[in-house]
Amino acid sequence: MPKAAPGIREVVRWIVGLPENVSESARQHLKAICVRCSHIDQLRVLARKFITMLRTRTGERLDPWLAEVEASSVTELHSFANGLRKDRDAVLAGLTVPWNSGAVEGAVTHASK
């Protein structure tokens, strides 16, 4: 009996997860999916570029990434990119500055409960 196809959540985990946490078997499955579907492969590339910007705080890559998304056929990311453009300054700050308002947000959330 053939193995069941992976679920959407599993494939998303393979794409956005830390590479060191993705098994070799999962990598091979993702590679096979991307070979069969160029749309998913393009989505994978764009998602990983964005994740790299988040993890490495390289906000200077935001505008080229937005242009790449808008030129792509991955229409599902177009509205995401439009949302980022609407609040570009805040997004850019979040992708570049080392500090955040996490502690304040946590205190506000805790106080409102």
Side-chain angles (χ1 to χ4, degrees):
M1 178 179 236
K3 185 179 176 187
I8 292 170
R9 287 182 183 180
E10 190 172 18
V11 174
V12 169
R13 237 185 340 267
W14 297 343
I15 291 172
V16 301
L18 290 169
E20 59 268 20
N21 293 339
V22 178
S23 71
E24 184 58 34
S25 172
R27 278 189 212 113
Q28 293 305 317
H29 282 307
L30 182 58
K31 183 177 179 180
I33 291 168
C34 290
V35 165
R36 289 192 306 268
C37 181
S38 63
H39 189 77
I40 292 176
D41 190 40
Q42 192 175 23
L43 173 68
R44 176 191 61 83
V45 169
L46 292 167
R48 287 190 174 167
K49 285 181 179 182
F50 188 76
I51 291 163
T52 298
M53 272 191 290
L54 287 173
R55 291 183 179 146
T56 60
R57 295 197 184 276
T58 48
E60 68 274 4
R61 296 180 183 171
L62 179 62
D63 289 331
W65 182 84
L66 290 169
E68 189 174 356
V69 167
E70 290 163 352
S72 79
S73 64
V74 185
T75 56
E76 296 83 357
L77 284 180
H78 290 182
S79 62
F80 177 67
N82 287 336
L84 294 179
R85 278 204 189 277
K86 287 179 183 174
D87 207 5
R88 184 186 170 281
D89 291 342
V91 172
L92 192 56
L95 291 171
T96 54
V97 297
W99 47 268
N100 64 59
S101 61
V104 174
E105 296 290 335
V108 169
T109 301
H110 180 66
S112 67
K113 288 186 178 182

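Predicted, not measured: the structure shown is a model, and the values here were computed from it.
- Applying the side-chain hydrogen bond (donor to acceptor under 3.5 Å, both in side chains) test to Gln28 and every residue at least two apart in sequence or in another chain returns Glu24.
- Under the side-chain contact (heavy atoms from CB on, under 4.5 Å) criterion, Ser23 pairs with Ser25, Ala26, sequence neighbours left out.
- In the hydrophobic clustering, where aliphatic and aromatic side chains (Ile, Leu, Val, Met, Phe, Trp, Tyr) are joined below 4.5 Å either directly or transitively, Leu18 stands alone.
- Considering only residues two or more places apart in sequence or on other chains, Glu10 meets the side-chain contact (heavy atoms from CB on, under 4.5 Å) condition with Pro6, Arg13, Trp14.
- Cluster membership check: Val11 does not share its hydrophobic cluster with Val45, using side-chain heavy-atom separations under 4.5 Å among Ile, Leu, Val, Met, Phe, Trp and Tyr.
- Residues Val22 and Ile51 share a single hydrophobic cluster, defined by chaining ILVMFWY side chains whose heavy atoms lie under 4.5 Å apart.
- Atom CZ of Arg55 has more than 12 neighbouring heavy atoms from other residues, nucleotides or ligands inside a 6.0 Å radius.
- Considering every non-hydrogen atom in both Arg27 and Pro19, the closest pair reads NH2-O, 2.9 Å.
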Query - Thr58 vs Leu95, side-chain contact (heavy atoms from CB on, under 4.5 Å): CA-CA, chis, key distance, verdict - result: CA-CA 6 Å; Thr58 48; Leu95 291 171; over 6 Å; no
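- Counting all heavy atoms, side chain and backbone alike, Asp41 lies closest to Cys34 at OD1-CB, 3.4 Å.
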Solution key, residues 64-79 side-chain donor-acceptor pairs under 3.5 Å, sequence neighbours excluded:
unit_1: Trp65; atom_1: NE1; unit_2: Leu46; atom_2: O; d: 2.9
unit_1: Glu68; atom_1: OE1; unit_2: Lys49; atom_2: NZ; d: 3.0
unit_1: Glu68; atom_1: OE2; unit_2: Lys49; atom_2: NZ; d: 2.9
unit_1: Glu70; atom_1: OE1; unit_2: Arg85; atom_2: NH2; d: 3.2
unit_1: Glu70; atom_1: OE2; unit_2: Arg85; atom_2: NE; d: 2.8
unit_1: Ser72; atom_1: OG; unit_2: Val69; atom_2: O; d: 2.7
unit_1: Ser72; atom_1: OG; unit_2: Val74; atom_2: N; d: 3.2
unit_1: Ser73; atom_1: OG; unit_2: Gln42; atom_2: OE1; d: 2.8
unit_1: Glu76; atom_1: OE1; unit_2: His39; atom_2: NE2; d: 3.0
unit_1: His78; atom_1: NE2; unit_2: Val69; atom_2: O; d: 3.1
unit_1: His78; atom_1: NE2; unit_2: Ser72; atom_2: O; d: 3.1

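- Under the side-chain contact (heavy atoms from CB on, under 4.5 Å) criterion, Arg36 pairs with Ala32, Ile33, not counting sequence neighbours.
- Hydrophobic clustering, with ILVMFWY side chains joined whenever heavy atoms are under 4.5 angstrom apart, groups Ile8 together with Ile40.
- What you find for Thr96 and Glu60 is that their closest heavy atoms are CG2-N, 4.4 Å.
- Note: the hydrophobic cluster containing Leu43 does not contain Val12 (ILVMFWY, side chain heavy atoms under 4.5 Å, direct or indirect links).
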